[in-house]
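Can you read through this structure? Questions will come right after.
Residue numbers begin at 1 in each chain, while the letters A, B, ... track the order of the sequences.
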Amino acid sequence: MPRALTVAWLYVRIGAMNELQYRANFIVALFQALLALAVALVVLSLVYAHTTELNGWTEPQLLCLLGIQILMGGIINAVIQPNMERLMEEIGDGKLDHAITKPEDAQLLVSVRELRIWRTIDIITGAIVIGVGLTQLHRGLSPGDWLAFALLLVLGGVMLYCFLLILTTGAFWVVRMGFLPDLFEGVYQTGRWPIGIYPDWLRYSLTFLVPIGFAITVPAEALTARLQGNTVLLAIGFAIVLVTVSRWFWRRGLRRYSGASA
Amino acid sequence: MTLSAPVRGQPSPLRAMIDFYLTMMRTAIQTQFQYRAATYMYLLGMVAEPVIYLVVWTTIARTHGGQVAGITAGGFAAYYIVWTLVRNVNIVFTPYGWEWRIREGQLSGQLLRPLHPIHYDIAEFAGGKVIWVLLYLPIAIGLTLVFKPTFDLTPLGLVVFFPAIVGAYLIRTMNLWLLGMVTFWTTRGSAIFETYIMAELLLSGRLVPLQLMPGWVQAIANWLPFKWTFFFPIEVLVGHPSSASLLIGLGMQVFWTAVGAGLVWLLWRASVRHYTAVGN
């Protein structure tokens with residue numbers, strides 16, 4: 001396993017170096033991040049100009065949630081999505097040969113080959129927004145809260161990765177999957193609000209079909225004294241299920257792959 | 001389908017233009033129909049945006065005696081369901097498309113054609129929209145069943161709605177063409193485009209019905225093109241604008257389309273001189 005991690009780390013560094021050549025893109029990415037943040041803050045202030053609580057969430061609490069959504073979006077756009085897009089393309093045109101003939105686990109390799117380093121700005125922006133939200137909350141967090149928050153954040157990231165891998169693996173069967181990034185981008189915006197505000201059918205879909213509730217609302221619950229022990233157990237259990245299912249599905253997909261020269 | 005009887009000599013320019021538009025639209029309809037599954041997924045992603053706004057504002061309305069700034073839960077539902085239809089119609093060729101068009105030399109072929117390239121874009125997207133709107137109708141029915149909008153349609157509203165969405169389409173076409181042509185000079189056009197989208201979100205009624213905005217924002221919005229591409233056509237159908245404000249709205253749409261078309265004409269002449277392509 002350590003060898004696999006070394007290889008993964010090497011790929012990440014190459015990805016970073018590739019992107020670091022284009023310094024000017026940093027300014028553009030920073031500008032885009034600030035613009036998106038400005039719009040999000042305007043929406044929040046509009047909402048709280050007309051109410052004091054949204055389904056029980058106050059403005060500072062929703063600020064924490066917004067920060068988590070931005071941070072998680074940064075992880076998706078910097079690490080997960082670029083790799084999935086490349087994987088989808090390569091399944092289509094047969095270049096996946098290059099990854100699966102290497103003497104390392106193919107799933108690991110296809111998941112670490114790309115890194116959009118400038119999109120990590122969103123991770124920092126998100127962390128800052130969470131920080132601002134927490135100071136406005138005036139509520140000390142116990143070490144237990146922090147631990148639960150960190151654990152749930154990692155679990156959320158893992159679940160989103162597995163979810164996107166399952167979708168992308170679908171490209172082994174269905175050729176035209178180019179709409180996926182747009183569709184996911186649209187659905188991901190639902191995470192900006194606590195999933196409790198959505199009607200039942202949508203709330204369940206956003207929990208078990210697309211694990212946005214687990215990835216964003218649940219970590220926010222840890223910061224705002226809403227978290228219940230059961231939720232943590234459910235999150236752990238569901239993450240294990242998703243990891244297993246995505247692994248199994250990936251292997252099945254791989255068996256269907258016929259390569260460029262076949 | 002032949003539109004005209006054989007004409008001796010030169011057909012009139014107007015008839016030729018109508019013929020061109022109908023043929024382009026028919027081709028676009030057939031092309032778009034082939035990609036119906038992909039179009040559907042795209043539509044579903046698009047619907048997420050208004051559904052989120054709708055859920056947030058109806059939640060607030062319910063906890064505040066049923067309404068916010070005079071809009072009821074059913075009113076919000078009506079607003080955002082018509083929103084999706086208007087959005088369907090006002091999607092146009094984006095500056096990202098322009099980047100591709102210029103980088104890949106796609107423009108070279110278009111420059112050889114006898115008509116200004118904007119006509120091809122207008123006709124092609126207009127044709128594609130026939131399919132989009134048809135595919136969208138089941139989604140609209142689904143949204144109506146789930147969110148129970150209160151519609152109070154008037155015959156006048158229904159009649160004016162059609163020119164109003166055409167106006168919205170034309171204004172956005174001109175604006176995004178202008179932003180797209182920036183790509184002739186810089187490869188960082190996306191920053192300008194995203195600034196435009198931000199202004200549009202806040203000033204057009206795309207994010208929230210403009211009544212929810214502070215008074216000074218509403219005042220600014222009156223003097224800019226954005227409002228006429230979202231809020232006005234939606235209000236035509238779900239609000240009860242007076243005949244006078246309907247006329248003013250349509251007038252503003254004509255005005256902004258004309259301003260946009262004039263600027264497109266000027267900027268295009270300058271841009272084409274700037275354009276070089278690698279032959280292929």
- Item | Heavy-atom proximity to chain A below 4.5 Å, by part of V47(B) | neither

- Query: Side chain, backbone, both or neither: which part of V47(A) has a heavy atom under 4.5 Å from chain B?
  - Reply: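 Looking at V47(A), backbone and side chain both touch chain B.
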
- Task: For P199(A) and F147(B), work out which heavy atoms get closest and say how close.
- Result: CG-CE2, 4.5 Å

- Item | Heavy atoms from other residues, nucleotides or ligands near CZ of F33(B) exceed 12 (cutoff 6.0 Å) |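 Counting other residues, nucleotides and ligands, CZ of F33(B) stays at 12 neighbours or fewer.
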
- By a 4.5 Å heavy-atom criterion (distance strictly below it), what part of L201(B) contacts chain A: side chain, backbone, both, or neither?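 Contact with chain A is through the side chain of L201(B) alone.
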
- Heavy atoms of other groups near Q21(A) CD, more than 12 under 6.0 Å: yes

Report every donor-acceptor pair between chain A and chain B with a separation under 3.5 Å, backbone and side chains included.
| residue | atom | partner | partner atom | Å |
| --- | --- | --- | --- | --- |
| N25(A) | OD1 | R188(B) | NH1 | 2.8 |
| Q32(A) | NE2 | E194(B) | OE2 | 3.0 |
| T51(A) | OG1 | H64(B) | NE2 | 2.7 |

- Sorted by chain and residue number, the side-chain hydrogen bond (donor to acceptor under 3.5 Å, both in side chains) partners of T125(A) (sequence neighbours excluded) come out as none

- Query: Taking all non-hydrogen atoms of both residues, which atom of G45(B) and which atom of L183(A) are closest, and how far apart?
  - Reply: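 What the structure gives for the nearest pair is N-CD1, 3.4 Å.
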
- Among the listed options L46(A), V187(A), V28(A), L202(A), the residue most often paired with chain B at heavy-atom distances under 4.5 Å: L46(A)

- Task: Select one option (side chain, backbone, both, neither) describing which atoms of L35(A) are under 4.5 Å from chain B's heavy atoms.
- Result: both

- Note on the structure: Between A48(B) and G186(A), the two heavy atoms sitting closest are CB-O, 3.3 Å

- Can you tell which part of V56(B) gets under 4.5 Å to a heavy atom of chain A, answering side chain, backbone, both or neither?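 Interface part for V56(B): both.
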
- With only heavy atoms counted, which part of L212(B) is less than 4.5 Å from chain A, the side chain, the backbone, both or neither? both

